[in-house]
J.: 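Here it is: the structure, laid out below.
For the single chain, residues carry numbers from 1 onward in sequence order. All ligand and atom numbering here is 1-based and tracks the order in the structure.
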Amino acid sequence: MWNRYHAAMEADRKWWERGVVYQIYPRSFSDSTGNGIGDLEGIRQKLPYLSDVLGIDAIWLSPFYPSPQKDFGYDVSDYVDVDPEYGTLEDFDRLVADFHAVGIRVIVDFVPNHSSDQHPWFIESASSRANEKRDWYVWADGKPDGAEPNNWLSLFGGKAWEWHGPTGQYYLHTFLKEQPDLNWRNSELEAAMFDVLRFWMDRGVDGFRIDVAHYVVKDPELRDNPLADPDAPSDHFKPMGEFETLNHIYSKAHPDIHPLYQRLRAVVDEYDDRYTIGEAHITDLEEWASYFGANLDELHQPFHFALLSKATDRESVRAVVAGQEAILPDGAWPNYVIGNHDEPRVAKRYGEDSIRRLAVLLLTLRGTVTMYYGDELGMLEGVELGLDPWGVNLEGVSRDGCRTPMQWTPDGGFSTSAETWLPMGPDLKNRNVETELADPGSVLNLYRRLLAVRKSSEALTVGDYHEVESANDDVLMYERVAGEERVIVGVSFADSSVAVAVTGEVLVSTDLRDGHADGSWTIEPHGAVVIRG
Ligand code: NOJ
């Protein structure tokens, strides 16, 4: 029950617990130079949109570091600089200063599992077996017959080992062969990577999104992975091809990962009020929760990804939320996400009908929200162009379609160049900031309303979550409560209108109707409503 202690806890909630994080894929947000590729200065120029039009609390920038762009920045060739395509360190400093001036935090990507094969560390490491950085990467002898050291597979297709003729050994790559895995068992490598964190925190960065956080520590004996149990739940919801034939117990998430994250957390805690969120596609909830640390001394949060694939119907969503709420360690805070740069756009996964109800769901559940750029416009999936290397290797997984440029105006407004790195999305004319701002019933105006309502409500930002009995099997009902404030949410998965029994002022309705519910409110098909109880 609510009491003074509880009130104090809520008042104390951290910025990342209260806040809404907006993910920006720098290549696709705003191009200030006219070369068809987004950049940091472009992002800085869009600050008024992020702060005044949307009112988000933090941005997360996907990688903007120097990179050969084999995996569009997730192949880093210098962890402490900016790729000239995206600008300079001075541009980055200006961006941070301007965002901080209006109270928006800046989170950057940290890619610890692998670097680019063009990183000077790898070039040195590959130069000779005697090189002092040899052990900074994972090298191993082949089998006596010359075959790979073990049966590990790359997530992006094929074997996880690449033969290096000049030094007569294989190196490990969990992703592309141009993305060699770093060896976190080497203490010098660890120290160098921790200095990378300090470098960005010294520049004012407020937090890190940690790429494939559960992959970084492997079995020291490099044992073969066993075959997968075909009936076991997969951590992936895309077709993964051959990768799915193995149970990857030895090539990721060795128990030594936990002391590593304790040490990493200690580095982050050298600075005030910083935040870490790890990318962790883990279906087993107990294992997922272990990344908070036994004493909440590891990552502040592992990303909870279930709504990327399970927001299909009332029962699945109910189970996702109940599952996260039940497993959370004491004192930990939940989080949700419905889109990112690795998944097809919401409309592609769930249908256009779902865009609005999922906006309501995301912004009214208990937990940190991470939004993906363009989802606030209801941007649709773009065409597959064969740029994403994963999509080239494996059918049905291309990420080109969710990375099309941000749609600012009916003509694009992303770049002055007609040649953008990916073409603009298919529904540019109708779904863009300018057009949607002028349309009171647009998805953008729904998001704006939700963001504003959330910000003004203690119940929605930090309140408790309780399921509420729902008379209709297709409507998920829950309440958020803080002190005297109670907000009731109804999210409908029905394709016809449904009346729900509620009383109170309508704060947000998916059709942007205002009103007062007097014992009953009719939710539009596929709609949702938020009511002050
Ligand atoms: C996960 C990232 O989200 C994805 O975009 C990237 O391709 C892989 N990790 C490899 O870094």
J.: Looking only at the side chains, is there a donor atom on one of Tyr74 and Asp109 sitting less than 3.5 Å from an acceptor on the other?
T.: yes
J.: Answer with yes or no whether His281 contacts ligand 1, where contact means a heavy atom under 4.0 Å from a ligand atom.
T.: no
J.: List the closest protein heavy-atom neighbour of atom 7 (O) of ligand 1: residue, atom name, distance to the nearest 0.1 Å.
T.: Asp71 OD2, 2.6 Å
J.: Can the positive tip of Arg345 be found less than 6.0 Å from the middle of the six-membered ring of Tyr373, inside 45° of the ring normal?
T.: yes
J.: Quick one: does Phe156 get a heavy atom under 4.0 Å from ligand 1?
T.: yes
J.: Can you tell me which portion of Lys70 lies within the under-4.0 Å heavy-atom range of ligand 1? Options are side chain, backbone, both, or neither.
T.: neither
J.: Return yes when Glu343 approaches ligand 1 closer than 4.0 angstrom through a heavy atom, no otherwise.
T.: no
J.: Please work out which of the three classes, parallel, tilted or perpendicular, describes the rings of Trp421 and Phe72, given edges at 30° and 60°.
T.: tilted
J.: Report the nearest protein non-hydrogen atom to atom 8 (C) of ligand 1: residue, atom name, distance rounded to 0.1 Å.
T.: Phe175 CE2, 3.8 Å
J.: Nearest protein heavy-atom contact for atom 9 (N) of ligand 1: which residue, which atom, what distance?
T.: Asp211 OD1, 2.9 Å
J.: Parallel under 30°, tilted from 30 to 60°, perpendicular over 60°: which one fits the rings of His114 and Phe175?
T.: tilted
J.: In terms of atom number and element, which parts of ligand 1 are under 4.0 angstrom from non-hydrogen atoms of Arg209?
T.: 2 (C), 3 (O)
J.: How are the rings of Tyr291 and His214 set to each other: parallel, tilted or perpendicular (split at 30° and 60°)?
T.: perpendicular
J.: Return the orientation label for the His164 and Trp139 ring planes: parallel under 30°, perpendicular over 60°, tilted otherwise.
T.: perpendicular
J.: Tell me which protein heavy atom sits closest to atom 5 (O) of ligand 1, plus the residue, atom name and distance to 0.1 Å.
T.: Asp342 OD1, 2.7 Å
J.: Give the atoms of ligand 1, by number and element, whose distance to some non-hydrogen atom of Arg403 is under 4.0 Å.
T.: 5 (O)
J.: Taking Asp141 first and then Arg129, would you say they form a salt bridge - that is, a charged N and a carboxylate O separated by under 4.0 Å?
T.: yes
J.: What atoms in ligand 1 come closer than 4.0 Å to a heavy atom of Arg399?
T.: 4 (C), 5 (O), 6 (C), 7 (O)
